[in-house]
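Atoms within a ligand are numbered from 1 in the order they appear, just like the ligands themselves. Numbering of residues begins at 1 and proceeds along the displayed sequence.
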Amino acid sequence: MFDVEKVREDFPVLHQEVHPGVPLVYLDSAASSQKPRQVIEAMDHYYRHLHANVHRGIHTLSEAATNAYESARERVARFINAPEPETIVFVRNATEAINLVAATWGRRNVREGDEILLTEMEHHANLVPWMMLAEEKGAHLRYVPLTAQGLIDLSAVERYLNPRTKIFAFTAMSNVLGSITPVAALVSAAHSVGAIALVDAAQSVPHMPVDVQALDCDFLAFSGHKMCGPTGSGVLYGRRELLEAMPPYMGGGDMIRRVTFEGFETNDLPYKFEAGTPAIAEAVGLGAAVDYLNSLGMENVHRHEQFITNYAMEALSEVEGLKLLGPPAAQKGGLATFILEGIHPHDIAHIADEDGIAIRAGHHCAMPLHRKLGIAASARASFYVHTTTWEIDRLVQSLQRAREIFRLQRAS
Ligand code: 7TS
């Protein structure tokens with residue numbers, strides 16, 4: 001049994017009133033998750049007892065900091081079943097991970113006339129870096145269309161893949177529709193035409209078990225701050241042969257083995273891609289987040305979110321004039337995105353905030369998807385390990401209140 005009330009005790013931020021007498025209901029974990037005390041304490045401990053720069057000094061603290069940093073890498077590697085820690089590159093977030101691949105692998109391998117395949121439901125982080133690359137190289141961007149339910153259909157993917165496709169970059173779960181994509185099948189389809197596959201796992205690694213070897217993906221990107229970890233911690237997993245062949249992204253300290261006035265020699269993996277002093281405390285926090293999620297069990301996390309999503313979609317569909325976007329609960333992750341007839345999503349979010357409820361409104365960094373759906377914006381409630389059914393009930397009450405306010409305004 002997943003004891004959500006016990007889990008809530010781990011999150012200090014949840015136990016506060018956001019307005020006098022109005023307790024917080026946090027339904028914005030897809031934007032950024034809250035942090036359990038285990039993560040906060042690990043970072044506090046690091047700064048109080050271990051901090052020094054890594055990989056540089058031979059003094060005791062530098063060694064302790066290096067061990068803490070590298071131990072976080074090992075735990076992250078195990079968490080996604082990467083074959084070895086050297087295939088885990090620490091970056092700031094999923095955005096940086098994708099930019100790194102586009103700017104290094106992409107610049108070296110994509111040429112004029114080549115195709116880069118994306119889908120219609122990508123976050124800007126998995127669109128703009130490829131647009132920049134395509135513009136520089138004269139390559140073409142193509143987009144796999146969605147089904148009416150907002151899912152990726154394998155047969156559509158197969159129609160779009162061809163020998164000119166160099167890379168297929170797609171999300172494992174849409175941050176707007178919640179749609180879960182059949183990652184292993186999409187990777188295998190990409191490989192069948194000789195393309196490589198990059199998985200934007202920003203919304204999957206925090207919420208479900210992910211095994212990069214089982215998926216057979218070439219790159220996988222995610223952010224620590226969406227999985228109970230600190231901001232400024234993120235991960236690029238890459239297949240060793242690809243990482244080895246890629247040029248470095250940024251130049252500076254740590255990423256070199258040797259520098260002369262004439263040039264430089266790059267360091268081994270993963271340091272080749274970690275120029276400058278890294279976010280050490282953040283890596284330590286991410287390691288603690290991984291331990292925390294492991295202690296809950298990722299199967300349990302996923303099951304709890306499916307239960308909440310199912311409950312939320314049923315409860316929300318009772319609200320008159322409310323339209324849910326995306327597929328049914330069984331095919332989606334922990335979020336519910338909707339529009340409410342006659343009320344702008346920003347007004348919904350504003351009224352919800354008066355009731356202490358944090359939801360997101362806008363285009364959620366997926367403007368092309370919104371345009372495709374024929375809407376400018378939507379409202380999104382997103383869930384995590386601490387979300388309860390009574391929080392969903394509070395949201396539904398707030399939406400009813402919003403409807404009432406706007407009904408009265410129209411009547412007057
Ligand atoms: N990919 C997906 C699928 C995302 O949902 C996000 C962030 C990113 C990439 C980028 O992550 P970052 O940590 O590098 O910024 N998504 C959202 C969101 O839905 N609301 O705020 C951020």
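- Between Tyr384 and His386, the ring planes lie perpendicular to each other; the angle is over 60°, past the 30° to 60° tilted range.
- Residues satisfying the side chain to side chain donor-acceptor pair (under 3.5 Å) test with Arg107, not counting sequence neighbours, are Glu136.
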Pairs under 3.5 Å, nitrogen or oxygen of ligand 1 with protein nitrogen or oxygen:
{"residue": "ligand 1", "atom": "1 (N)", "partner": "Asp200", "partner atom": "OD1", "Å": "3.1"}
{"residue": "ligand 1", "atom": "1 (N)", "partner": "Asp200", "partner atom": "OD2", "Å": "2.6"}
{"residue": "ligand 1", "atom": "5 (O)", "partner": "Gln203", "partner atom": "NE2", "Å": "2.7"}
{"residue": "ligand 1", "atom": "13 (O)", "partner": "Ser223", "partner atom": "OG", "Å": "2.7"}
{"residue": "ligand 1", "atom": "13 (O)", "partner": "His225", "partner atom": "NE2", "Å": "2.6"}
{"residue": "ligand 1", "atom": "14 (O)", "partner": "Ala94", "partner atom": "N", "Å": "3.4"}
{"residue": "ligand 1", "atom": "14 (O)", "partner": "Thr95", "partner atom": "N", "Å": "2.9"}
{"residue": "ligand 1", "atom": "14 (O)", "partner": "Thr95", "partner atom": "OG1", "Å": "2.5"}
{"residue": "ligand 1", "atom": "16 (N)", "partner": "His123", "partner atom": "NE2", "Å": "3.4"}
{"residue": "ligand 1", "atom": "16 (N)", "partner": "Lys226", "partner atom": "NZ", "Å": "2.9"}
{"residue": "ligand 1", "atom": "19 (O)", "partner": "Asn175", "partner atom": "ND2", "Å": "2.8"}
{"residue": "ligand 1", "atom": "19 (O)", "partner": "Arg380", "partner atom": "NH1", "Å": "2.6"}
{"residue": "ligand 1", "atom": "19 (O)", "partner": "Arg380", "partner atom": "NH2", "Å": "3.3"}
{"residue": "ligand 1", "atom": "20 (N)", "partner": "Arg360", "partner atom": "NH1", "Å": "2.5"}
{"residue": "ligand 1", "atom": "20 (N)", "partner": "Arg380", "partner atom": "NH2", "Å": "3.2"}
{"residue": "ligand 1", "atom": "21 (O)", "partner": "Arg360", "partner atom": "NH1", "Å": "2.7"}

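- Residues satisfying the side chain to side chain donor-acceptor pair (under 3.5 Å) test with Asn162, not counting sequence neighbours, are Glu115.
- The side-chain contact (heavy atoms from CB on, under 4.5 Å) check on Leu373 picks up Leu177, Leu325, Leu369, Ile375, with sequence neighbours excluded.
- Taking the six-membered ring where the residue is Trp, His363 and His124 present tilted rings, their angle falling between 30° and 60°.
- Between His55 and Tyr271, the two ring planes are perpendicular [angle over 60°; tilted spans 30° to 60°].
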